[in-house]
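Presented below is the structure to which this report refers.
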Amino acid sequence: MPVHVVSATEDHSLRVHQYHVEDMARVRVRKFCEIEDREVRSDEIGKGFGLTKTQVIPISDQERRNLPLPAAKGLEIHGFVPWESIDALRIGEGYHPQPDGPVAAKPYELPRQVLQRSSRAAVTKFAWSGRERLGLLRVLDDVIVLHARANGTTSASPTATECPLSRQPCAIRCGVAVVREC
């Protein structure tokens, strides 16, 4: 299902910062090179895979972008579970996957209606910040919600997506039947 993600939550948490008691100045974290024992600028910092404590294989941002992630272009649905079987404490922040262009409206709409009518959640794989992750898809207020991780937030207002598929009840009934068989 080709999608892009929009946050479904608004963060209302209080931000606490560290400060120097004497003059109330903010305390910052500085990055130091362990070998040279000096502070380094962000343009001097690279990324790499640590093989051992002393051996690192460097990887550029371009190489990271080119790493093959099967779920990098959308969401892959791998199974279905009854919504009632999910522990609410184990699911987290919600995001609204939006169809990525007009061509994606139909692949978005069918799972939305199937999940809504079957009272199931879909176990999905997706790419986020260069990593493949597992998540849950469910329908809330006629919109698909992707749950990624737990956090103390409140719900934002979703927007529904219109699609001509909603006038094809046969495809939706078949999809609900398939999901109930899983």
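- Annotation: the span from L146 atom CG to L75 atom CG amounts to 6.0 Å, rounded to 0.5 Å.
- Across A122 and I77, no two heavy atoms sit closer than the pair CB-CG2, 3.9 Å.
- No more than 12 heavy atoms of other residues, nucleotides or ligands sit less than 6.0 Å from atom CD of Q18.
- Side chains of P97 and V145 form no contact here, defined as non-hydrogen atoms less than 4.5 Å apart.
- Remark: the backbone N or O of E76 is paired with a side-chain donor or acceptor of T124 at under 3.5 angstrom.
- Distance check: Y19 OH to R26 CZ gives 12.5 Å after rounding to the nearest 0.5 Å.
- A pairwise comparison of heavy atoms in E84 and S119 identifies OE2-O, 4.0 Å as the closest pair.
- Between the CZ atom in R120 and the CD1 atom in I86 there is a gap of 10.5 Å [rounded to 0.5 Å].
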Checklist line | Residue pair Q98, H96: steps toward the side-chain hydrogen bond (donor to acceptor under 3.5 Å, both in side chains) verdict | finding: CA-CA 6 Å; Q98 303 279 311; H96 294 299; 5.2 Å; no

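- In this structure, NZ on K47 lies 11.0 Å from OG on S60, to the nearest 0.5 angstrom.
- By the 4.5 Å heavy-atom criterion applied to side chains, V81 and V123 are counted as neighbours.
- Side-chain atoms of I144 and Y108, non-hydrogen and from C-beta on, do get closer than 4.5 Å to each other.
- The backbone N or O of D142 lies less than 3.5 Å from a partner atom in the side chain of R112, making a donor-acceptor pair.
- Remark: L115 CG to W83 CH2 distance equals 10.5 Å, nearest 0.5 Å.
- Between L140 and R138, the closest side-chain pair of non-hydrogen atoms falls below 4.5 Å.
- Linking Ile, Leu, Val, Met, Phe, Trp and Tyr residues whenever their side-chain heavy atoms come within less than 4.5 Å places V21 and M24 in a single cluster.
- Put simply, CG on D141 and CD on Q116 are 9.5 Å apart, with the number rounded to the nearest 0.5 Å.
- Between K125 and H78 there is a side-chain heavy-atom pair separated by less than 4.5 Å.
- The existence of a salt bridge linking R38 and E44 is confirmed by a sub-4.0 Å separation between a basic side-chain nitrogen and an acidic carboxylate oxygen.
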